[in-house]
Every structure is written in C-alpha cells, then in structure tokens.
**Student:** 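Sending over a structure as structure tokens; questions will come in a sec.
Not measured: the values here are computed from a predicted model.
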There are 2 protein chains.
Amino acid sequence: MKIDREAPIGVFDSGVGGLTVAREIMRNLPSEKIVYFGDTARVPYGSKSKETIIRYSRQIIRFLQQQQVKAIVVACNTASAFALDAVRDEFDIPIIGVIEPGAKVAAAQTRNKRVGIIGTVGTVGSGIHAEYLKHLDPEITVFGKACPLFVPLVEEGWLHDPVTDEVAARYLKELQDKQVDTLILGCTHYPLLRSTIRKIMGDGVCLVNPAYETALELGRLLEEKGLAGEGTEKNEFPYRFYVSDLADEFKAFANSILPYDVEMTKKIDIEKY
Amino acid sequence: MKIDREAPIGVFDSGVGGLTVAREIMRNLPSEKIVYFGDTARVPYGSKSKETIIRYSRQIIRFLQQQQVKAIVVACNTASAFALDAVRDEFDIPIIGVIEPGAKVAAAQTRNKRVGIIGTVGTVGSGIHAEYLKHLDPEITVFGKACPLFVPLVEEGWLHDPVTDEVAARYLKELQDKQVDTLILGCTHYPLLRSTIRKIMGDGVCLVNPAYETALELGRLLEEKGLAGEGTEKNEFPYRFYVSDLADEFKAFANSILPYDVEMTKKIDIEKY
C-alpha cells in the first residue's frame with residue numbers, strides 16, 4: 001500500500017480526553033489533517049482488562065485504516081500501556097502512543113532521578129512508565145499514584161475549585177513526600193488540571209505533558225518517513241470527529257477545549273470493525 | 001416454559017452498584033437464590049444513549065435466561081429508565097426495575113408534594129421519575145439533580161470524608177432551596193452515602209432507598225405469581241456472580257458490602273449473547 005503524505009493522522013482515545021492530544025497536534029503540526037475517534041460508548045478504559053483494551057484498539061485501528069490514515073496516535077494512556085506493543089506487531093502502519101514521548105522527556109529532565117507518574121488505576125497499575133524510564137536510565141526511581149477522581153472532576157468542569165484543590169492535595173501528598181522533581185501527567189484529562197497541580201507541586205517540579213511531547217514526536221516521525229503533510233486546500237476543514245456514542249455531548253466538550261469549532265461529529269458502530 | 005419456583009432471581013447492573021439491591025434481596029427475601037451479572041466491561045451506563053442501553057440489557061437478559069432465572073431485577077437506574085419498557089415487551093419473564101418501587105414510596109411519603117431525585121446524568125435527564133410520580137399524583141413537583149462525582153467517591157471508599165461532605169453539600173443545595181421533603185436516592189451507589197446525605201438534608205427529609213423498596217416489591221410479585229422460593233438445600237451456596245471484566249476487583253468490592261463472602265465470580269463474554 002502506497003502511503004499518501006496528504007492523508008490524515010488517525011488519533012483515538014477512550015472518549016474526550018484524547019482531544020488534548022489532538023489539540024497539541026493542531027497547534028504544533030498545523031499542516032496535518034486529523035481523523036479523531038472517541039470510544040464514548042465504552043469509556044472509561046482505565047478500569048478494564050488488558051485483553052479487553054487490545055480488542056477495542058484493534059477494532060478502532062481497523063476503522064481508522066478504512067479512513068485511509070497515514071499514521072496513528074494512540075492518544076489514551078491506558079490503551080498505550082496495554083495495547084501498543086500488540087497492535088504495532090499486527091498492523092502495517094506507523095503507530096505511536098503517549099507514554100514513550102512523555103517518559104523520554106521525564107528521563108531527560110529529572111535531576112534527582114525521582115519521577116512521579118499520575119494516571120488511572122489501569123495506567124499506573126501497569127507499571128509501564130517505570131519500565132520505559134528504567135530502560136532509559138536504570139538509576140531512575142518511579143513513584144506512581146492513581147487519581148480516579150480527576151477525570152470526573154474535569155468532566156464536571158470544576159477545573160479551578162476548592163474541592164479539586166483538596167482532592168489534588170491529597171492525591172499528590174505521597175509524591176511530594178517522595179520528593180519527585182519531575183511529574184508525568186499520565187492521563188489525557190490531566191493537562192486541564194495543570195494549574196491546580198502546579199500550585200500544589202510548586203515551581204521546582206517539572207510537569208511533563210505527554211500530549212505536547214507526543215505531537216512533537218509525531219512531527220519527527222512524519223519527517224523521518226517523508227510523510228509530513230503540506231497543508232490543506234482552502235475551504236477544506238482538516239479535522240473529522242467520530243464517536244461510538246452520544247455525538248452531541250462530545251461536540252460540546254470538544255468545542256470547549258479545541259481552538260476550532262467542531263463542524264462534524266459522526267456516531268459509528270465500532271463493534272462492527 | 002414452566003417456571004420453577006426454586007429457580008434463582010436474575011439481578012443485573014452496569015457494575016458493582018446493583019450489589020446494594022442484591023444485598024436488600026438477601027436481607028429481605030432470604031429464601032431466594034440470586035444470579036447476579038455486573039457489566040463491568042461496559043460500565044458506566046449513565047453517560048450512554050438509550051439505544052445502547054437497550055442493546056446491552058437485551059444481551060444480559062438473554063444470558064440470565066440461559067441461567068434459568070424465574071424473574072429479573074434491573075438493578076440499575078439508567079437501564080430501568082431507558083430499557084425497562086422495551087425489554088418487558090420482548091421477553092416472556094417477569095422483569096422489574098428500581099424506579100417504580102422508589103417512586104411509589106416517594107409519592108406516598110411526601111407531604112408538601114415536592115420530591116427530589118438524585119442520580120446519574122442519564123437517569124436524571126431521562127425525566128422518568130417525574131413521569132412515574134406525576135402519574136401517581138399529578139400534584140407532585142419533581143426536582144432532579146445529577147451528581148456525577150458520587151459514584152467515583154464511593155468507589156474510592158471516601159464514604160465519610162470532608163471532600164464527600166463538600167461535594168454533597170454543593171450538589172444538594174439546589175434541592176434544599178427547593179424545599180423538597182422527600183429525596184429518592186436514584187443511583188445504586190448512593191445508599192452507601194446515606195449518612196452524608198442525611199447530615200446535609202436533615203431529619204425532616206424522607207430519604208427513599210429504591211434498593212430496599214425493590215426487594216419488597218419483588219417479594220410481593222413472587223407471592224402473587226406463586227413463585228416465592230422455599231429456601232436452599234443445606235451446603236448449597238445460593239448466590240452466583242458473573243461479570244464482563246476484571247472479576248477479582250468485583251469480588252473485593254462485593255465482599256466489602258455484602259453480608260456473605262462471594263465464593264465464585266466468573267467472567268463471561270457478554271457480547272456473545
């Protein structure tokens with residue numbers, strides 16, 4: 001199959017969270033088109049098993065291939081942790097996740113070799129960040145903390161709120177006590193809580209946003225493979241959005257965080273793929 | 001099909017929440033056996049569409065029928081709101097939900113005809129409680145409030161906690177201002193927050209626990225149809241538990257809230273039904 005450099009990038013997540021990754025691609029690679037899929041019928045992935053996440057990821061990649069994408073970004077930490085290795089072996093298309101780019105930057109930034117990682121129960125429990133980081137630098141010690149209330153707090157819109165401050169203070173206490181100097185925001189919703197986390201962790205701790213690092217990594221990958229896009233035709237809207245359920249609510253959330261208005265959101269039956 | 005009065009009751013929910021309903025059946029109808037199904041692979045239902053919830057409910061009922069149950073309890077408010085009418089028409093087995101029993105008691109208890117209902121976005125948005133209550137007593141005014149943080153707070157185990165107090169105070173303020181004298185705990189997790197809700201609403205407000213009312217309604221239905229069980233054989237464990245994902249975590253939660261230890265939890269592929 002000849003890959004077309006003008007083809008779009010496929011980006012997928014369990015729901016709306018991956019839009020923070022799509023947003024960084026839009027900002028940093030403005031010549032790229034995007035086909036986004038949010039698995040809103042089966043969200044959240046964080047509490048599901050590895051086997052289930054691999055099955056879901058396969059279905060979504062088959063759907064994105066039908067959309068003729070030139071590369072795929074797994075914009076979901078849980079799916080990156082559980083399914084990336086499996087699907088990379090199975091599909092003949094460049095696939096990147098959000099864990100490796102974040103881990104690389106964390107390994108480069110830490111001075112005291114103590115790195116914190118926050119995310120869902122699934123992501124943190126997988127130990128995948130520790131694995132990457134140890135591989136990059138065996139001297140690094142990784143401290144993980146699952147923060148299950150962060151996603152519903154973001155979706156409730158309580159971004160700057162005393163309740164969120166208190167929940168965050170409680171979750172992050174452990175990592176402060178461990179004196180981490182670098183903290184990976186290991187769930188796509190968490191960059192939206194960046195200022196709360198910054199306030200608690202202080203200016204001395206480097207906050208790594210894997211969404212941003214993934215966009216840069218994608219840019220490098222496309223250049224390397226001669227696949228970088230050259231922009232879109234005038235009047236052509238470069239972003240398409242698909243979901244597995246409740247397209248209207250997705251659109252509302254998307255419009256609240258993206259720099260563009262979402263023109264079209266289509267619901268598809270992902271179980272068919 | 002001849003229905004056997006010694007057959008078990010089928011009880012299902014999107015996950016672990018329906019165990020509060022199973023618990024009330026165990027307490028109030030000790031002669032009944034139970035087959036419980038928790039759809040942990042596809043939880044939560046609260047944010048999914050009506051169409052999706054009906055499809056899921058159909059699959060689960062087909063599974064429970066294979067387990068030879070004599071009646072089914074839809075122990076999930078969202079599924080009761082969205083799917084009960086549809087599945088009652090399709091299946092030849094008595095099916096009850098958790099909404100009607102709660103609404104009946106609320107209508108009988110209210111003196112000022114102002115009833116509050118709290119639940120997921122899906123349950124509250126469906127307006128189904130208002131529909132039932134208005135049908136029972138057209139003078140009743142219903143005030144709904146979605147409380148999306150309650151389920152993750154319960155699952156985090158923060159049942160008696162200042163954060164939960166503050167979140168509850170904020171969610172319930174609106175219903176206090178409306179001077180409801182009766183409040184339906186319209187999500188199966190919420191009875192576990194009963195003491196927090198009691199503290200905020202005060203002793204003057206009647207809290208309706210649909211799990212308890214549903215167990216009583218089930219008892220009446222079984223008597224009426226000559227289907228009441230006569231107890232179990234000695235040494236026979238009367239409760240079986242099935243889930244669609246992560247059976248071990250389910251077992252841990254079940255053991256924390258049930259009066260019996262869960263002996264067997266089996267994972268099944270619900271998409272096959």
Side-chain angles (χ1 to χ4, degrees), chain A residues 14-16 38-56 59 82 120-122 125 145-158 161-171 189 243-250 252-253 267-272, chain B residues 14-16 38-56 59 82 120-122 125 145-158 161-171 189 243-250 252-253 267-272:
Chain A
S14 57
V16 294
D39 198 358
T40 48
R42 305 188 294 196
V43 69
Y45 282 8
S47 51
K48 296 184 175 73
S49 69
K50 179 168 183 165
E51 185 191 344
T52 302
I53 301 303
I54 292 176
R55 187 164 64 79
Y56 290 178
Q59 290 176 321
F82 284 178
T120 63
V121 173
K145 176 71 186 166
C147 307
L149 284 161
F150 276 179
V151 168
L153 283 166
V154 167
E155 294 191 349
E156 194 70 334
W158 296 9
D161 190 291
V163 166
T164 307
D165 289 350
E166 168 59 25
V167 171
R170 212 179 289 184
Y171 280 146
H189 281 70
V243 289
S244 46
D245 209 351
L246 281 188
D248 286 347
E249 294 191 11
F250 176 87
F253 192 91
K267 184 179 153 185
I268 60 149
D269 181 0
I270 193 67
E271 294 285 351
K272 279 188 188 156
Chain B
S14 56
V16 294
D39 199 359
T40 47
R42 304 186 295 196
V43 71
Y45 283 9
S47 51
K48 297 184 174 72
S49 69
K50 180 169 183 165
E51 186 190 346
T52 301
I53 301 303
I54 292 175
R55 186 165 65 79
Y56 289 177
Q59 291 177 318
F82 283 178
T120 62
V121 172
K145 176 70 185 167
C147 306
L149 283 162
F150 276 178
V151 168
L153 283 166
V154 167
E155 296 192 347
E156 195 68 336
W158 297 7
D161 191 290
V163 166
T164 308
D165 289 351
E166 169 58 25
V167 170
R170 211 179 291 183
Y171 280 148
H189 281 68
V243 289
S244 46
D245 209 349
L246 281 190
D248 287 347
E249 294 191 10
F250 177 87
F253 192 90
K267 185 181 154 185
I268 60 151
D269 181 1
I270 194 65
E271 295 284 351
K272 280 187 186 155

**Student:** For residues 44-54 of chain B, which residue pairs qualify under salt bridge (charged side-chain N to carboxylate O under 4.0 Å, His left out), counting only residues two or more places apart or in two chains?
**Tutor:**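 Found A:Lys267-B:Glu51.
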**Student:** Under 4.5 Å heavy-atom distance to chain A, tell me which part of B:Phe150 shows up: side chain, backbone, both or neither.
**Tutor:**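 It is neither, since no heavy atom gets under 4.5 Å.
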**Student:** By a 4.5 Å heavy-atom criterion (distance strictly below it), what part of B:Glu271 contacts chain A: side chain, backbone, both, or neither?
**Tutor:**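 Just its side chain gets close to chain A.
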**Student:** Can you give me the closest heavy-atom contact between B:Leu149 and A:Trp158, atom names plus distance?
**Tutor:**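 The pair with the smallest heavy-atom distance is CD1-CZ3, 3.5 Å.
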**Student:** Quick one: of B:Arg42, B:Glu155, B:Glu166, B:Glu156, who has the most non-hydrogen atom pairs under 4.5 Å with chain A?
**Tutor:**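 With the most close heavy-atom pairs to chain A, the winner is B:Glu156.
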**Student:** Is it the case that A:Ser14 and A:Asp39 place a side-chain donor and acceptor less than 3.5 Å from each other?
**Tutor:**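 A:Asp39 and A:Ser14 do not have a side-chain donor-acceptor pair below 3.5 Å.
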**Student:** Against chain B, work out which of A:Pro162, A:Pro44, A:Gly15 has the most heavy-atom pairs shorter than 4.5 Å and name it.
**Tutor:**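 The option with the most such pairs is A:Pro44.
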**Student:** Chain B: which of A:Ser49, A:Pro152, A:Ser244 shares the most heavy-atom pairs with it under 4.5 Å?
**Tutor:**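 Going by pairs under 4.5 Å, I would pick A:Ser49.
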**Student:** For the pair A:Asp161 and B:Arg170, find out whether any cationic side-chain nitrogen is under 4.0 Å from an anionic carboxylate oxygen.
**Tutor:**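 Result for this pair is yes, salt bridge flagged.
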**Student:** Classify the side-chain pair B:Asp245/B:Thr40 by whether it contains a donor and acceptor separated by less than 3.5 Å.
**Tutor:**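 There is no such pair between these side chains.
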